[in-house]
Amino acid sequence: MRRKSTALVMATMVAATACSGGSGGGEIAAPPSDPAKVSGEITVLTNRSDQLADGTLKKYAEEFGKVYPSVKVKFEGLTDYEGETKIRMNTENYGDVLLIPNSLSRKQYPTFFAPLGKAGDLSAKFDYTDHATVDGQVYGLANIGVANGFVYNKAVWAKAGITDWPATPAQFVADLEKIRAKTAAVPYYTNYKDGWPLTNWTNAIGSPTCDPGSYDSLAKTAEPWSRGSDLHTIDKLLYTVVDEKLTESDPTTTNWEDSKAQMGTGKIASMWLGSWAIGQIRAAAEAAGKDPDDIGFMPFPARKHGKFCSVLRPDYQYAVNVHSDKKTAARAWIDWYITKSGQAAAEGSISSVRGAPLPDTLKPFSDNDVTLIPQHQKNVTEVNAVDKASEIGITVQDYRQKLVDVARGAADGDMDSYFDELNGKWSEAQQTLGG
């Protein structure tokens, strides 16, 4: 099962914009006022192939059916959600409800999705609506919010004699060296082959400096990988961990699904992921006969004014296909799933319903006064434009896979030369765009 998957090349999506014919500002997929008057069969595209296989989604659909008896929900599980959805979106047949692909630029949302309502109205009930707002209309609602940090096996870290969270990148590396020396566990697992977990490192932007505007500032930053910047701190840590051989021996053979069980059984010590992964890895530990409470969550190893910071972002956002002829039923499912299904609480996730309490999985964060900061989106269009023109792809896996390759000697160069290359591309793109 894949979560925050890779954001892929936009060429196919751009072509789809021309052929799909969505005009934006169309029929609003409004929430129904009378469940008895809503009917039809809807198809929901999902990346939760695991919940499709184990019957969890079927149970949610059955509960939904008690409220909306004339609506039938059919799921399609996509193991390569981003890739398969991108192909489907060349046509009008991409389900009635789907998760907005990471590879789609926000300006394209009105082409592919029906508006769900005004930003002012929906932001009063749901968090993260700013991540899917175009011209005052919201086109997607997040199912959950995600804090970012290292999922880790506390028993392994304790066996290595480590009881406190590392407060600096250097201390984190030193702790991994202790794990390598004193345990049989892989200190850090890259999930290089699946690729999408590497994209989550971008969600650390803002953590080292505790600055919610750090991502926005990339629009005007000529050299984002300069020493002292968030991206330099983040990518230097990943590079160093690989360079010091504190990761799996062959990153080209990693496997995401297997990694959950390996961490649950203490064969892996740590992975950088979103907080959504805590529950899945605890479940893997329990299934293997291990203590699920061994699985913990720690923030990025940096402090500002003595405090750790973790960036809080939405997970995938649910949208309604602009071509769907069952928009009311589709919207009914989205609202019910987010607000009534209990899915967020069941998985120990952060509900996107405004004012909902933090889950128990993040109790260590609240107990240790970790500051949860948003990632501002005021300049996201400009940042995306520079990123696209630079051909770096800060939200895709490729550039970090190359970073890992350089660090392990499978590609030419070193960290400084690679950062110089990235800075050059970014700066040139800004100049080309007149930034």
Side-chain angles (χ1 to χ4, degrees), residues 3-7 10 13 24-25 82 99-113 115-148 199-221 224 229-231 234 274-276 300 309-319 338 350-356 371-390 392-396 426 429-430 433 435:
R3 298 289 299 193
K4 278 293 183 183
S5 304
T6 51
M10 289 301 304
M13 289 276 189
E82 293 281 338
L99 309 169
I100 296 178
N102 294 323
S103 50
L104 197 65
S105 68
R106 194 180 302 182
K107 67 181 180 181
Q108 291 177 295
Y109 288 7
T111 298
F112 293 98
F113 312 122
L116 303 179
K118 294 180 180 179
D121 297 332
L122 291 177
S123 64
K125 186 174 182 180
F126 300 100
D127 288 324
Y128 319 114
T129 56
D130 57 328
H131 287 255
T133 296
V134 181
D135 296 332
Q137 290 286 341
V138 176
Y139 289 86
L141 293 175
N143 59 330
I144 58 172
V146 177
N148 291 279
T199 70
N200 195 63
W201 285 86
T202 295
N203 294 333
I205 296 175
S207 287
T209 54
C210 204
D211 179 7
S214 187
Y215 190 89
D216 262 358
S217 70
L218 295 176
K220 302 299 182 183
T221 302
S229 70
D230 276 357
L231 271 171
I234 293 162
S275 56
W276 57 263
F300 190 89
C309 289
S310 177
V311 174
L312 192 61
R313 301 183 74 255
D315 192 60
Y316 270 122
Q317 293 156 306
Y318 284 89
I338 294 173
I350 303 169
S351 172
S352 67
V353 177
R354 186 171 289 277
T371 302
L372 297 176
I373 62 172
Q375 194 177 74
H376 289 169
Q377 297 285 296
K378 295 177 182 178
N379 301 331
V380 68
T381 300
E382 291 85 350
V383 175
N384 290 346
V386 176
D387 185 42
K388 183 178 180 180
S390 73
I392 292 173
I394 59 174
T395 59
V396 302
W426 193 270
Q430 279 190 330
L433 294 172

In Å and rounded to the nearest 0.5 Å, what is the [atom1] to [atom2] distance from [X] to [Y]?
X    : Y    : atom1 : atom2 : value
Y215 : T395 : OH    : OG1   : 5.5 Å
D216 : Q375 : CG    : CD    : 8.0 Å
L116 : T133 : CG    : OG1   : 10.0 Å
L99  : D315 : CG    : CG    : 8.0 Å
L231 : S214 : CG    : OG    : 7.5 Å
T129 : D127 : OG1   : CG    : 8.0 Å

If you define the side chain from C-beta out and look only at heavy atoms, does anything of [X] sit under 4.5 Å from [Y]?
X    : Y    : result
P224 : S229 : no
Y316 : I100 : no
H131 : R313 : yes
I350 : Y128 : yes
N203 : V146 : no
S352 : I338 : yes

Q) What residues form a side-chain contact (heavy atoms from CB on, under 4.5 Å) with A204, not counting sequence neighbours? A)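 By the side-chain contact (heavy atoms from CB on, under 4.5 Å) rule, A204 matches I234, W272, F300.
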
Q.
Holding to side-chain contact (heavy atoms from CB on, under 4.5 Å), I want the full list of residues that pass it with S390, two or more places apart in sequence or in another chain.
A.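 Residues passing side-chain contact (heavy atoms from CB on, under 4.5 Å) with S390: D387, I392, K425, W426, A429.
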
Residue pair [X] / [Y]: nearest heavy atoms and the distance that separates them:
X    : Y    : result
I373 : P212 : CD1-N, 4.0 Å
P115 : Q137 : CB-OE1, 3.6 Å
L141 : L122 : CD2-CD1, 4.4 Å
R354 : A124 : CD-O, 3.6 Å
S310 : A147 : OG-CB, 3.7 Å
G274 : N148 : CA-OD1, 4.0 Å

Main-chain N/O of [Y] paired with [X] side-chain donor or acceptor, under 3.5 Å:
X    : Y    : value
Q430 : T221 : yes
E82  : N102 : yes
R106 : V134 : no
D230 : T209 : yes
S207 : C309 : yes

Q) Is it true that the side chains of N384 and S105 contain a donor and an acceptor less than 3.5 Å apart? A)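 No, no side-chain donor-acceptor pair sits under 3.5 Å.
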
Q) So F113 and L104, side chain to side chain contact (heavy atoms under 4.5 Å, CB included) or not? Walk me through it. A) CA-CA 11 Å; F113 312 122; L104 197 65; 3.4 Å; yes

